[in-house]
Undergrad: 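Handing you this structure, nothing more for now.
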Amino acid sequence: MDEKYFPKKVEQKWQRIWAESCAFEAEVDAEKPKFYALEMLPYPSGNLHMGHVRNYSVGDALTWYKRLKGFNVLHPFGWDSFGQPAEDAAVKRGVNPREWTEDNIVAMRGQMQRMGFSYDWRRQMFAHRPEYYKFDQWFFLKMYEMGLAYKRMTQVNWCSHDQATLSNEQASGGLCWRCGNPVTKKDLEQWFLKTTAYTDQLLDGLAEIEAGWPASVIKRQSDWMGRSEGAFVDFEVKATDDSLFYCPIVDGLTSASDLGKKRIRVFTTRVDTIYGANAIVLAAEHPVIQANLDTFSEAVSEKIAHIRVENTRPTDHEIEIEKDGIDTGLAAVNPFSGEELPVWVGNYVMMEYGTGAVMSVPAHDERDFEFAQKFGLPIRRVILETYTIAEQAPEIVDVIGDEHERNEYRSELRETTTDIEEADDSRRIRGVGRETGATNLERQTASAGGDAVERRSDLGMAVEDERERQRSVAFTDYGFLINSGEWSGKSSYDAKTEMAARAASGGFGEAATTYRLRDWGISRQRFWGSPIPIVYCDSCGIVPEKYENLPIRLPDDIPITGTGESPLAKVADFVETQCPKCDSPARRETDTMDTFVDSSWYFFRYLDPSNDEMPFDPEKAAYWTPVDQYIGGDDHAVMHLIYARFWTKVMRDMGLVKFDEPFKRLLTQGMVVGETFFDDETGKKLYHMPGTVTVTRDAKGKIASAVSADGKPLKFGIERMSKSKGNGVDPDEMVEIYGADAARLFILFAAPIENELVWNEAGIEGAVRFLQRVWRLVRKWEPTLLGPPAVAGGFTSISKYAGEVEIDNLQPPATAGGSDRKLRRKTHQTIKRVADDFDDLQFNTPVAALMELSNAIGDFEVEPENASEDEVAAVREAITALTLMLTPYAPHTSEELFAVLIGNDNGILANGARFPEYQEDLAKADEVEIPVQINGKLRSRLMAQPETSNEELEKMAFADEKVREYTDGKEIVKVIVVPKRLVNIVVR
RNA sequence: GCUGGGGUGGCGGAAUUGGUAGACGCCCAGGACUUAAAAUCCUGUGACCUUAGGGUCGUACGGGUUCGAUUCCCGUCCCCAGUACCA
């Protein structure tokens, strides 16, 4: 073995051996448990950035671990290679999108391979190649047959200057990203996939995967789909001149009963507040408004037109839009109270959600409150909060609310009530025998030590102020109904359900559920995507292509200008075709599919990448899928992960797969950010590489000033690392300077995987140092180490490449208690820690454990030349285990060291080696340290056998000199002994 | 605003889920080796006090529960992320 560790040499050697031995190629093998490890596929921008490296380093570490644990691991890679950047490059530089994409893939694959990631490259998929997008089209046709793909009019962002459709990002701020002209909305016919047909399944399925997914992702998906349970309520409309009023009957929005009544339907989640309604507010686009525009006064019509125009303006998220609206002069009757309410148009009501009409209840809804205040509408309170009620009925307090609220009340109730009852309804708790109600302020005063009587008199004013403040905002919680006719006195929470039922039985509404999730618009007026396989025929209409005509190929060479409608529309060869039904001349659809289509099912293509008939063989899918672990950035928490889940459910309904959820477990890794320095004169950004920037820092480690190599002061900040930001560390450079193993080790050690990672150069140097230390250790012991490997589990089954290697199952040395015994204990404790952490998907803490083990080997008192057989055995076991466990972080280095250990250069780790086995009897400590506390303060420590009884420990504690100091002459109140943990003596 | 997640040394972060707070690494300081430097190795490294044995404080802040709280409960402040008038 080389005296020094040369990462580059080692890495190139093992990358070659792995490739030659096809080490990472996996096939279906019913005998072995499978593990499908998947990382989100990248867009081939041309450069790997550190975010990618982090993502693939985690995935690869897990892959190595599972492989060493004996799983048949599938670890594939592919390219999300359709999409806008290729078209932008074509526009800007006149390059061919296909060539540009292919070149980028070649460059990035080279970078990936230099990092040494263990992929089965045979299974690589490319979204932009016809062999793949053929099946995008295949799925589209299937969904069309299933009624899940349909076409309808919708609005797109449109730049009339460039004659181009724009994505929301390209139209941000309401201006075209290219020419800066204002963006308008344009109606276009677009294809949609019916994701809404699966909304409930997508929501309910979250429960199935909840345990394996980050809570934040589950939450965001659930919010995105936005299920709200509530009720529809129909309000009868009255106009001053009824004969002029026209109520179009629109499904779900309005209704006309047999009595000829004209009704507007509102959606509300809080029917219980309906007695507090002061108006009905409609969206400007509401059909009832639009149908009756001529009956309104000119001022009203103008205002409505104005609101409508304002609504189409793309909104800037930062600015809160001021409430606006107008009274139409129409009236509507509250079906519960019989009260007549004015009908308004309001800019805060959206046509796209619910029914485009709301009942305005200012006392109990913040938006309605704001609206009522602005226009001087009456505000009537119909719910009182629980506390106020409690004063009237002091025996029983019902608390209805979320977990947090209930906790808050529960802890207060403990002080003031004799009994707490947890009701069956998990949302409620009930305190019995409560003394008094109290406001927040009173409770705080009380807990600060105020006397009850004094509190009431002295703080009376303050309490009133507090109550007044509460009246000045909308009260949106549940409570008890007042001013609500026959419902007064009821709990509003219960009334909500009962009132919805009343609406249904009275024929003026029903319980209803609405969703935020819309159908998925997949049409893109772009070139670089899968063509939608549809033909328009003058006689047959919309005709799906025949399966045998797939793939509908993209033309090879077409001018791309970035303006005008879909570029494909300009290619006559593409557009002109024959009707698949009647063979007469017809036109092709020229829109292409959203690239999210490609990423919705790519992970199934890996299972069967060259299948020409089907997207994949269902039998192969039955073995490999679902994905056991998916890893990627949380920027895909919503769209991609909902679409992929939707696609899976559709495939299940098509009979291709037999499960509901594609990803059992999801890991979202945090961003990699870097300190970025700006040269003020040139505007250039620099990443802080050694020697390029001199930095001074303040006491907190924050940058105080930065100076470039040539002495110029620089500006600085922290930004996401990427090529486009100009602050990306180039992975190739990392590999060149430090080696791939060190880069991977550092990136996994530096922070928990879900945290943001601030890249710093000193840290990676630490990783190199650690690898060098391990290298030196092995070299130091090398003369004594040759022979069969020395750890149980190390080598059970060995592949054809490496040859058979015997297991050397060491027995614990007879002379327990020496330094060898200590090292063996550390070795086995480490094995347990590392395996447990990997199983928990923790990648930073095992490194610390491995460093400790390596330090322990380094601290071994005996030199190799004087070591006894047992001592050599202990060291050999420790080094063998260390090397094996280091593999997921530094596979090249581990292979090289392992080859030294066993004298076999064939790549044993990649070809059948096993993770070391933890042996409990060896890990067990001979002695444990027992801290002794007096009144909870640490005063002394005892050494004891782990099996020492509680009584014995107590006796030992009292015998301790230091303990005596604190206990002599004191009364012993209590002694707590926690076995193997501690002794706490309470004295007075 | 709302929702979710957080707040532990100079820094990244540990802590068996209620039981010795600060593992491991980085930075920094001192020492050994060297003609010298680099590399390497050793020592120290939460704060304050100290009679050198230790003592006191310390996990954003204020309370509570407990023999014991970074961990559980309540309140306050701050940071990050998501979201945006979703009725």
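Worth knowing before you read on, the calculation uses all heavy atoms, side chains too, and leaves out hydrogens, waters and symmetry mates. Naming: A, B, ... by sequence-line order, numbering from 1 per chain.
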Undergrad: Please check the phosphate of B:U16 (OP1 and OP2 only) for any side-chain N or O of A:Arg833 closer than 4.0 Å.
TA: no

Undergrad: Round to the nearest Å and state the distance from A:Asn950 atom CG to B:G19 atom C1'.
TA: 14 Å

Undergrad: May I ask you to evaluate whether A:Arg776 reaches the phosphate of B:C41, defined as a side-chain N or O under 4.0 Å from OP1 or OP2?
TA: yes

Undergrad: What's the gap between B:U45 and B:G30 when it is taken at their C1' atoms, as a whole Å value?
TA: 11 Å

Undergrad: Are A:Ser216 and B:G82 close enough that a side-chain N or O sits under 4.0 Å from OP1 or OP2?
TA: no

Undergrad: Can you tell me how far P in B:C74 sits from the matching atom in B:G4, rounded to whole Å?
TA: 13 Å

Undergrad: Does B:G75 count as syn, meaning its glycosidic angle lies within 90° of 0, or as anti?
TA: anti

Undergrad: For a quick test of reading the model: is some side-chain N or O of A:Lys974 closer than 4.0 Å to OP1 or OP2 of B:C67?
TA: yes

Undergrad: At under 4.0 Å between heavy atoms, what does A:Val358 touch on the DNA or RNA strands: base, sugar-phosphate, or nothing?
TA: base

Undergrad: Counting only distance, no hydrogens or angles, is the base of B:U16 paired donor-acceptor with the side chain of A:Arg981 under 3.5 Å?
TA: yes

Undergrad: Taking for each residue the nucleotide of RNA chain B with the nearest heavy atom, is it A:Ile985 or A:Arg220 whose nucleotide lies nearer the 5' end?
TA: A:Ile985

Undergrad: Pick the P atom in B:C41 and in B:C24, then give their distance to the nearest Å.
TA: 15 Å

Undergrad: Is A:Asn844 touching bases, backbone alone, or none of the nucleic acid, heavy atoms closer than 4.0 Å?
TA: sugar-phosphate

Undergrad: Nearest-nucleotide wise, let me know which of A:Trp224 and A:Ala215 is further upstream toward the 5' end of RNA chain B.
TA: A:Ala215

Undergrad: Among B:C24, B:A87, B:G19, which nucleotide sits nearest the side chain of A:Ser228?
TA: B:A87

Undergrad: Please check the phosphate of B:G55 (OP1 and OP2 only) for any side-chain N or O of A:Tyr966 closer than 4.0 Å.
TA: yes

Undergrad: I want to check one thing: is the phosphate of B:G5, taken as OP1 and OP2, less than 4.0 Å away from some side-chain N or O of A:Asn755?
TA: no

Undergrad: Has A:Lys937 got a side-chain N or O lying under 4.0 Å from the OP1 or OP2 atom of B:C57?
TA: yes

Undergrad: What class does the angle between the rings of A:Phe371 and A:Tyr348 fall in, given that below 30° is parallel, 30 to 60° is tilted and above 60° is perpendicular?
TA: tilted

Undergrad: Give me the distance, rounded to whole Å, that separates B:G46 from B:G13 when you measure between the C1' atoms they each carry.
TA: 15 Å

Undergrad: Between A:Asn334 and A:Leu341, which heavy-atom pair has the shortest distance, and what is it?
TA: CB-CD1, 4.3 Å

Undergrad: Kindly indicate whether a cation-pi arrangement holds for A:Lys832 with A:Tyr918, taking the cut-offs as under 6.0 Å to the six-membered ring centre and within 45° of the axis.
TA: yes

Undergrad: Which nucleotide in the list B:G4, B:A23, B:G12 gets nearest to the side chain of A:Lys219?
TA: B:G4

Undergrad: If we take the P atom in both B:U71 and B:G63, what is their distance in whole Å?
TA: 15 Å

Undergrad: Would a 4.5 Å heavy-atom cut-off, applied to side chains only, mark A:Phe958 and A:Val975 as touching?
TA: yes

Undergrad: With a cut-off of less than 4.0 Å, is there a side-chain N or O of A:Asn935 near OP1 or OP2 of B:G68?
TA: no

Undergrad: Using the C1' atom as the reference point in each nucleotide, state the distance between B:C28 and B:C11 in Å, no decimals.
TA: 11 Å

Undergrad: Over 60° means perpendicular and under 30° means parallel, so tell me whether A:Tyr353 and A:Phe267 are parallel, tilted or perpendicular.
TA: perpendicular

Undergrad: Heavy atoms only, 4.0 Å cut-off, all strands: where does A:Glu852 land among base, sugar-phosphate and nothing?
TA: sugar-phosphate

Undergrad: Is the gap between the ring centers of A:Phe749 and A:Phe843 under 6.0 Å?
TA: no

Undergrad: Report yes or no: is there a donor-acceptor pair, N or O only, under 3.5 Å between the side chain of A:Glu929 and the base of B:U20?
TA: yes

Undergrad: For the P atoms, the ones on B:G58 and on B:U70, what distance do you get once it is rounded to whole angstrom?
TA: 9 Å

Undergrad: Between B:A21 and B:G9, how far apart are the two C1' atoms, rounded to whole Å?
TA: 11 Å

Undergrad: Using a cut-off of less than 4.0 Å, is there contact between a side-chain N or O of A:Arg773 and OP1 or OP2 of B:C24?
TA: no

Undergrad: What contact category does A:Phe770 fall into here, base, sugar-phosphate, or nothing, at under 4.0 angstrom with non-hydrogen atoms?
TA: nothing

Undergrad: Any carboxylate oxygen within less than 4.0 angstrom of a Lys/Arg side-chain nitrogen, looking at A:Glu852 and A:Arg833?
TA: yes

